[in-house]
Colleague: 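Before I ask anything, let me first share the structure, which is written out below as structure tokens.
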Amino acid sequence: MISICLADNSPVVHHGIKSYFAPSTEVSINTQVKNYSDLKKALSKGKIDIVLLDVELNGLNSIITLKSLVNEYANVKFIIFTHVAESLYAPPAIKFGVKGYVSKNIELPELEKAILKVAGGASVYSEEVKAAIAFIKKTKKEDRLFKKLSSREIEVLKYFNDGKKNKEVAKILNLDEKTISTYKLRLLQKLNVTNLVDLLKKAKDLAII
């Protein structure tokens with residue numbers, strides 16, 4: 001029996017997935033958490049095979065934190081199950097060692113297949129993820145600005161796109177506000193724009209966000 005930890009903010013998601021897998025003889029949703037702190041506690045008990053994780057989980061405020069999590073629990077396989085844009089998180093998540101990245105738009109039987117494949121040693125990515133990565137590969141070399149961006153810069157960019165101000169982003173990422181201003185300046189320089197509106201527009205045009 002594959003032991004699953006479901007890490008998601010939504011009670012509806014918890015109920016739906018738990019109900020779907022209840023009759024299964026192969027997959028068991030043994031642990032359900034709604035924040036990063038509880039996820040860490042669950043992982044420390046060492047009884048989890050796969051974590052089904054939404055990258056917007058409460059308390060998981062940084063993709064750098066995700067990298068640390070995957071590295072710390074190398075014996076656990078992580079599947080990202082989220083609505084977050086594939087072009088934003090899929091490439092770095094895959095690089096970090098995440099074994100699956102699937103969209104919440106898929107049907108539950110497809111999610112079950114993904115879990116079984118990952119448990120069997122395969123890596124699984126949804127069609128949306130494959131399309132996003134294919135788009136990136138096809139982009140002209142001179143336009144692959146995402147290559148110039150660090151994971152932290154991409155995070156800051158995402159929060160700007162969500163409408164967050166420097167002070168709010170600093171609080172979320174536990175950084176100094178001046179540091180966020182520096183990241184913003186770097187982003188403007190790297191994407192060759194002069195203001196936030198043009199920065200976000202260009203990032204969207206290049207499928208960075």
Colleague: Below 4.5 Å, heavy atoms only, C-beta onward: do Lys18 and His15 meet side chain to side chain?
Modeller: no
Colleague: Any idea which heavy atoms bring Ser19 and Pro23 closest together, and the distance?
Modeller: O-CD, 3.7 Å
Colleague: Residues in side chain to side chain donor-acceptor pair (under 3.5 Å) with Asn71, at least two apart?
Modeller: none
Colleague: Could you please spell out the steps behind the side-chain contact (heavy atoms from CB on, under 4.5 Å) verdict for Phe81 and Leu53?
Modeller: CA-CA 6 Å; Phe81 181 56; Leu53 173 69; over 6 Å; no
Colleague: With sequence neighbours left out, which residue pairs that include part of residues 108-122 fulfil the salt bridge (charged side-chain N to carboxylate O under 4.0 Å, His left out) condition?
Modeller: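 As it turns out, the salt bridge (charged side-chain N to carboxylate O under 4.0 Å, His left out) pairs with a partner in residues 108-122, which skip direct neighbours, are Glu110-Lys113.
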Colleague: If we only count heavy atoms from C-beta on, is the Leu175 to Val156 side-chain gap below 4.5 Å?
Modeller: no
Colleague: Would you please name every residue forming a side-chain contact (heavy atoms from CB on, under 4.5 Å) with Asp176, sequence neighbours left out?
Modeller: Lys178, Thr179
Colleague: Drop me the distance from Ile17's CD1 to Ile4's CD1, to the nearest 0.5 angstrom.
Modeller: 10.0 Å
Colleague: I want to check something: taking the side chain as every heavy atom from C-beta on, are Val98 and Ile79 in contact at a cut-off of under 4.5 Å?
Modeller: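 No - every pair of side-chain heavy atoms lies 4.5 Å or more apart.
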Colleague: Just so I know, are the side chains of Leu173 and Tyr159 near enough to count as touching, which here means a heavy-atom distance under 4.5 Å?
Modeller: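 Contact flag for Leu173/Tyr159 side chains = yes.
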Colleague: Filter on salt bridge (charged side-chain N to carboxylate O under 4.0 Å, His left out), then keep only pairs touching residues 70-82, sequence neighbours left out; what's left?
Modeller: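 Non-adjacent pairs meeting salt bridge (charged side-chain N to carboxylate O under 4.0 Å, His left out): Lys40-Glu72.
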Colleague: Using the side chain to side chain donor-acceptor pair (under 3.5 Å) criterion, which residues pair with Lys47? Sequence neighbours excluded.
Modeller: none
Colleague: First locate atom CG of Asp49, then atom SG of Cys5, and finally report the distance between them rounded to the nearest 0.5 Å.
Modeller: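 The CG atom of Asp49 sits 11.0 Å away from the SG atom of Cys5.
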Colleague: Could you go through Asn9 and Leu57, starting from their C-alpha distance and side-chain angles, then the distance that decides it, and tell me whether this counts as side-chain contact (heavy atoms from CB on, under 4.5 Å)?
Modeller: CA-CA 6 Å; Asn9 298 334; Leu57 180 71; 3.7 Å; yes
Colleague: Evaluate Leu6 against Val51 for side-chain contact (heavy atoms from CB on, under 4.5 Å), listing each step before the verdict.
Modeller: CA-CA 6 Å; Leu6 174 60; Val51 173; over 6 Å; no
Colleague: Which residues pass the side-chain contact (heavy atoms from CB on, under 4.5 Å) test with Ala203, sequence neighbours left out?
Modeller: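 Partners of Ala203 by the side-chain contact (heavy atoms from CB on, under 4.5 Å) criterion, ordered by chain and then number, come out as Leu157, Leu191, Ile208, Ile209.
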Colleague: Report the C-alpha distance between Ile50 and Ile115 in whole Å, list the side-chain angles of each, state the deciding distance to 0.1 Å, and finish with yes or no for side-chain contact (heavy atoms from CB on, under 4.5 Å).
Modeller: CA-CA 8 Å; Ile50 294 175; Ile115 289 172; 4.0 Å; yes
Colleague: Which residue pairs satisfy the salt bridge (charged side-chain N to carboxylate O under 4.0 Å, His left out) criterion with at least one member in residues 57-66, sequence neighbours excluded?
Modeller: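 Passing the test, one end in residues 57-66: no pairs.
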Colleague: Which residue pairs pass the salt bridge (charged side-chain N to carboxylate O under 4.0 Å, His left out) test with at least one member in residues 95-107, sequence neighbours excluded?
Modeller: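 As it turns out, the salt bridge (charged side-chain N to carboxylate O under 4.0 Å, His left out) pairs with a partner in residues 95-107, which skip direct neighbours, are Asp8-Lys104, Asp54-Lys104.
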Colleague: Between atom CG of Leu187 and atom OG1 of Thr182, what is the distance when rounded to the nearest 0.5 Å?
Modeller: 11.0 Å
Colleague: Working to the nearest 0.5 Å, report the span between CG of Asn161 and CD1 of Ile154.
Modeller: 13.0 Å
Colleague: Do NZ/NE/NH1/NH2 and the carboxylate oxygens of Asp198 and Lys202 come within less than 4.0 Å?
Modeller: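 Salt bridge: no.
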Colleague: How many angstroms lie between atom OH of Tyr73 and atom CZ of Phe78, to the nearest 0.5 angstrom?
Modeller: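 Answer for the OH-CZ pair, Tyr73 versus Phe78, is 8.0 Å.
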Colleague: First locate atom CG of Asn58, then atom CG of Leu39, and finally report the distance between them rounded to the nearest 0.5 Å.
Modeller: 12.0 Å
Colleague: Can you name the side chain to side chain donor-acceptor pair (under 3.5 Å) partners of Arg186, sequence neighbours left out?
Modeller: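 For Arg186 there are no side chain to side chain donor-acceptor pair (under 3.5 Å) partners, ignoring immediate neighbours.
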Colleague: Any side chain to side chain donor-acceptor pair (under 3.5 Å) pairs touching residues 28-37, not counting sequence neighbours?
Modeller: Ser3-Asn30, His14-Gln32, Ser28-Asn30, Asn35-Asp38
Colleague: How would you list, by chain and number, every residue that makes a side-chain contact (heavy atoms from CB on, under 4.5 Å) with Leu196, sequence neighbours excluded?
Modeller: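 Per chain and number, Leu196 pairs via side-chain contact (heavy atoms from CB on, under 4.5 Å) with Phe160, Lys184, Leu199, Leu200.
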Colleague: Report yes if some heavy atom in the side chain of Ser123 is under 4.5 Å from a heavy atom in the side chain of Tyr101; otherwise report no.
Modeller: no
Colleague: Under 3.5 Å, side chain of Ser103 to main-chain N/O of Ile106, donor-acceptor pair present?
Modeller: no
Colleague: Hey, can you pull the donor-acceptor pairs under 3.5 Å for the side chains in residues 162-172, sequence neighbours left out?
Modeller:
{"residue": "Asp162", "atom": "OD2", "partner": "Lys158", "partner atom": "NZ", "Å": "3.3"}
{"residue": "Asn166", "atom": "ND2", "partner": "Ser181", "partner atom": "OG", "Å": "3.1"}
{"residue": "Glu168", "atom": "OE1", "partner": "Lys165", "partner atom": "N", "Å": "2.7"}

Colleague: Provide the closest heavy-atom pair for Ala119 versus Ile2 in the form atom of the first, atom of the second, distance.
Modeller: CB-CD1, 3.4 Å
